[in-house]
Enquirer: 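Dumping the structure here so I can ask a few things about it.
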Amino acid sequence: MALIVQKYGGTSVAGANRIKNVARRIIKKREAGHQVVVVVSAMGDTTDDLIKKAYRINEFPDKRELDVLLSTGEVVSSTLLAMALHGMGYPAISLSGAQAGIKTDAAYSRARITSIEPTRITRELEKGNIVIVAGFQGVTEDLDITTLGRGGSDTTAVALAAILKAEACERYTDVDGIYTADPRLLPEAKRLSEIGYEEMLEMVTYGFKAIHPRAVELGEFYGVPIIVASSFKEKPGTLIHKEVSMEIRNKVRGIAHDLDVAKITVVGVPDHPGIAAQIFVPLAEAGISIDTIVQNASVKNITDLTFTIEKSQLNVAMAVVEPIARSIGAEKCVGDLNWGKVSIIGTGMQNAPGYAARMFDTLSKENINIQLITTSEIRITCIIEEARVKDAVRALHHAFELDKEA
Ligand code: ADP
Ligand code: ASP
Ligand code: MG
């Protein structure tokens, strides 16, 4: 008898029929002789709706109150799922994050799990219960409720799988696995049967909003195999794990894209020590996370500094940077929104020449202008016009023969 952690996303529990469908799937596992711990997201668009409600009441909602409000979405779905299981004749109990022993720091809306005390879960399993845990939430030392950041139920599930030493974490969602590109953008994308943690983490960080990045990090650290599969169809899905075969390692594995890119250029910056700190320290203090930074080689001690951020942060970032640019004697500060990024990702790129050349050549044949380029050992990213991102993904998918992936 194995212990399995299953996680069902928002679409999978959106409505009574879908909750009953999930209950039937859990029962199947249970009938196969397994102990099951289930983590659920809030139903459908509940979290978005709760956020809208809060902002309608107050433009600057208190972070502690907001987290309590958002945590209720997952409490609703977990209790309904327990009731569905009862209705089908199976013993089940729902637990909030706090009841499940999930402790976090106090960084509201993006809390990190600091420890899990699973005694209540274990006790309920021993009693024969199917345990349903409300995802995306925890509790501080002072018993204040926190949430783990959007998409955080994935992290709840993998963290529980790690602490309970579960055989696997099965993540059920509205697609039947991880694809070589976002299937909503590129219908011809192919499902990957397996992928390594490192590549998966790079993919989710650079645009595949297919699983929460912290969940992949935790999976890698604790060696939890994660299976991504459909909650509607009986299909094999994608296995995220360590032991990916050599042959598969030797390729580009996916084309990630992200349309949420704004760019700021500080033009004509006097180039002397400390300038970058003068610009980026206040941005960090304002809570703005910077993605790509490029500084041109200076000519006559004058340089341009360009960086990218999320679109929603452009106004705040410009308000921080403009006065600094004036005070350091820069010529001007230009910010605009219409950017996107496209990345090729795969461990096969490590120490192998030719990938960058093929990427740039493909984009040039499509007449797509590259604004900025960044790389890691297993990724090359180009910042391009937002309007050309789809064309770029399609062309690169073809050029790196991902349409042939099985
Ligand atoms: P859930 O609500 O189950 O947590 P998410 O919406 O968080 O599900 O994640 C699943 C979605 O991720 C899919 O609907 C899909 O559009 C998107 N996605 C983006 N890139 C990919 C990819 N490369 N492979 C699979 N899904 C992807
Ligand atoms: N309900 C939360 C969200 O929509 C957490 C999750 O679904 O994982 O972000
Ligand atoms: Mg999600």
Side-chain angles (χ1 to χ4, degrees), residues 178-183 185-186 188-190 192 194-211 213 216-217 220 240 244 246-265 289-297 304-310 338-405:
I178 303 295
Y179 277 66
T180 49
D182 185 346
L185 186 88
L186 202 70
E188 66 261 39
K190 294 280 188 290
L192 296 163
E194 59 172 337
I195 185 156
Y197 294 113
E198 196 189 3
E199 286 170 324
M200 191 69 244
L201 189 57
E202 203 83 347
M203 285 176 181
V204 291
T205 310
Y206 283 84
F208 277 17
K209 303 269 185 284
I211 179 167
V216 183
E217 270 172 21
E220 178 169 27
I240 309 171
V244 176
M246 283 303 272
E247 198 186 338
I248 281 178
R249 280 182 158 272
N250 273 345
K251 290 185 187 169
V252 167
R253 302 282 283 144
I255 313 292
H257 77 279
D258 188 353
L259 299 175
D260 190 7
V261 182
K263 180 162 75 72
I264 294 181
T265 303
S289 57
I290 311 291
D291 184 28
T292 306
I293 303 175
V294 175
Q295 184 180 338
N296 293 344
D304 292 345
L305 195 69
T306 302
F307 58 92
T308 62
I309 50 179
E310 285 172 18
N338 306 316
W339 301 98
K341 62 187 161 200
V342 60
S343 307
I344 62 170
I345 292 158
T347 44
M349 275 190 270
Q350 246 159 344
N351 308 319
Y355 285 95
R358 194 173 344 159
M359 181 177 196
F360 304 151
D361 186 49
T362 305
L363 294 179
S364 118
K365 284 190 179 124
E366 291 289 310
N367 208 15
I368 294 170
N369 193 27
I370 303 169
Q371 283 283 320
L372 303 174
I373 300 163
T374 63
T375 61
S376 78
E377 284 182 351
I378 62 163
R379 171 186 56 80
I380 305 170
T381 300
C382 294
I383 309 281
I384 60 176
E385 265 178 59
E386 184 183 351
R388 301 301 314 275
V389 166
K390 191 171 178 173
D391 297 334
V393 173
R394 177 169 295 122
L396 291 167
H397 198 262
H398 186 66
F400 287 97
E401 298 179 346
L402 290 170
D403 21 19
K404 294 188 188 131
E405 187 73 38

Enquirer: Classify the side-chain pair Ser376/Glu202 by whether it contains a donor and acceptor separated by less than 3.5 Å.
Expert: yes
Enquirer: In Å, rounded to the nearest 0.5 Å, how long is the span from CG of Leu372 to CD1 of Ile293?
Expert: 11.0 Å
Enquirer: Any chance you could measure Ile255, atom CD1, to Met203, atom CE, to the nearest 0.5 Å?
Expert: 8.5 Å
Enquirer: Measure the shortest side-chain to side-chain distance between Glu385 and Asn338 over non-hydrogen atoms and say whether it is less than 4.5 angstrom.
Expert: no
Enquirer: Quick one: side chains of residues 387-396, donor-acceptor pairs under 3.5 Å with protein atoms, not counting sequence neighbours, listed by atom name and distance.
Expert:
unit_1, atom_1, unit_2, atom_2, d
Arg388, NE, Asp391, OD2, 3.0
Arg388, NH1, Glu366, O, 3.4
Arg388, NH1, Asn367, O, 3.3
Arg388, NH2, Glu366, O, 3.0
Arg388, NH2, Asp391, OD2, 3.3
Arg394, NE, Glu188, OE2, 3.4

Enquirer: Check Leu402 against Val252 and note the closest heavy-atom contact, atom names and distance.
Expert: CD2-O, 3.1 Å
Enquirer: Which atom names give the shortest non-hydrogen contact between Leu259 and His257, and what distance separates them?
Expert: CG-CD2, 4.1 Å
Enquirer: Does Asp403 form a side-chain contact (heavy atoms from CB on, under 4.5 Å) with His398? I'd like the steps, not just the answer.
Expert: CA-CA 6 Å; Asp403 21 19; His398 186 66; 2.9 Å; yes
Enquirer: Take Gln371 and Asn369 through the side-chain contact (heavy atoms from CB on, under 4.5 Å) test and state the conclusion after the steps.
Expert: CA-CA 6 Å; Gln371 283 283 320; Asn369 193 27; 3.9 Å; yes
Enquirer: Show the nearest heavy-atom pair for residues Met349 and Tyr355, with the distance to one decimal.
Expert: CG-CG, 3.4 Å
Enquirer: Let me know which of Thr381, Thr205, Asp258 forms a side-chain hydrogen bond (donor to acceptor under 3.5 Å, both in side chains) with Ser343.
Expert: Thr381
Enquirer: For the pair Glu220 and Val216, evaluate side-chain contact (heavy atoms from CB on, under 4.5 Å) and give the outcome as yes or no after the intermediate values.
Expert: CA-CA 6 Å; Glu220 178 169 27; Val216 183; 5.7 Å; no
Enquirer: Closer than 3.5 angstrom, by distance alone: can the side chain of Glu199 be matched with the main-chain N or O of Ile345 as a donor-acceptor pair?
Expert: no
Enquirer: When rounded to the nearest 0.5 angstrom, what distance separates CZ in Arg253 from CD1 in Ile344?
Expert: 14.0 Å
Enquirer: Sequence neighbours left out, what passes side chain to side chain donor-acceptor pair (under 3.5 Å) with His397? Give chain and number order.
Expert: Thr180
Enquirer: Could you tell me the separation between the OH atom of Tyr179 and the CG atom of Leu186, rounded to the nearest 0.5 Å?
Expert: 12.0 Å
Enquirer: Quick one: closest heavy-atom pair of Ala256 and Phe208, and the distance?
Expert: CA-CE1, 3.3 Å
Enquirer: Between CD1 of Ile370 and CG of Leu363, what distance do you get to the nearest 0.5 Å?
Expert: 5.0 Å
Enquirer: Using the rule side-chain hydrogen bond (donor to acceptor under 3.5 Å, both in side chains), only one of Asp260, Thr374, Thr308, Asp291 pairs with Lys341; which is it?
Expert: Asp291
Enquirer: Rounded to the nearest 0.5 Å, what's the gap from CG on Leu305 to OG1 on Thr265? Could you check?
Expert: 8.5 Å
Enquirer: For the residue pair Ala210 and Ile178, what are the closest heavy atoms and their distance?
Expert: CB-CD1, 3.8 Å
Enquirer: How far apart are the closest heavy atoms of Trp339 and Ile383, and which atoms are they?
Expert: CB-CG2, 4.2 Å
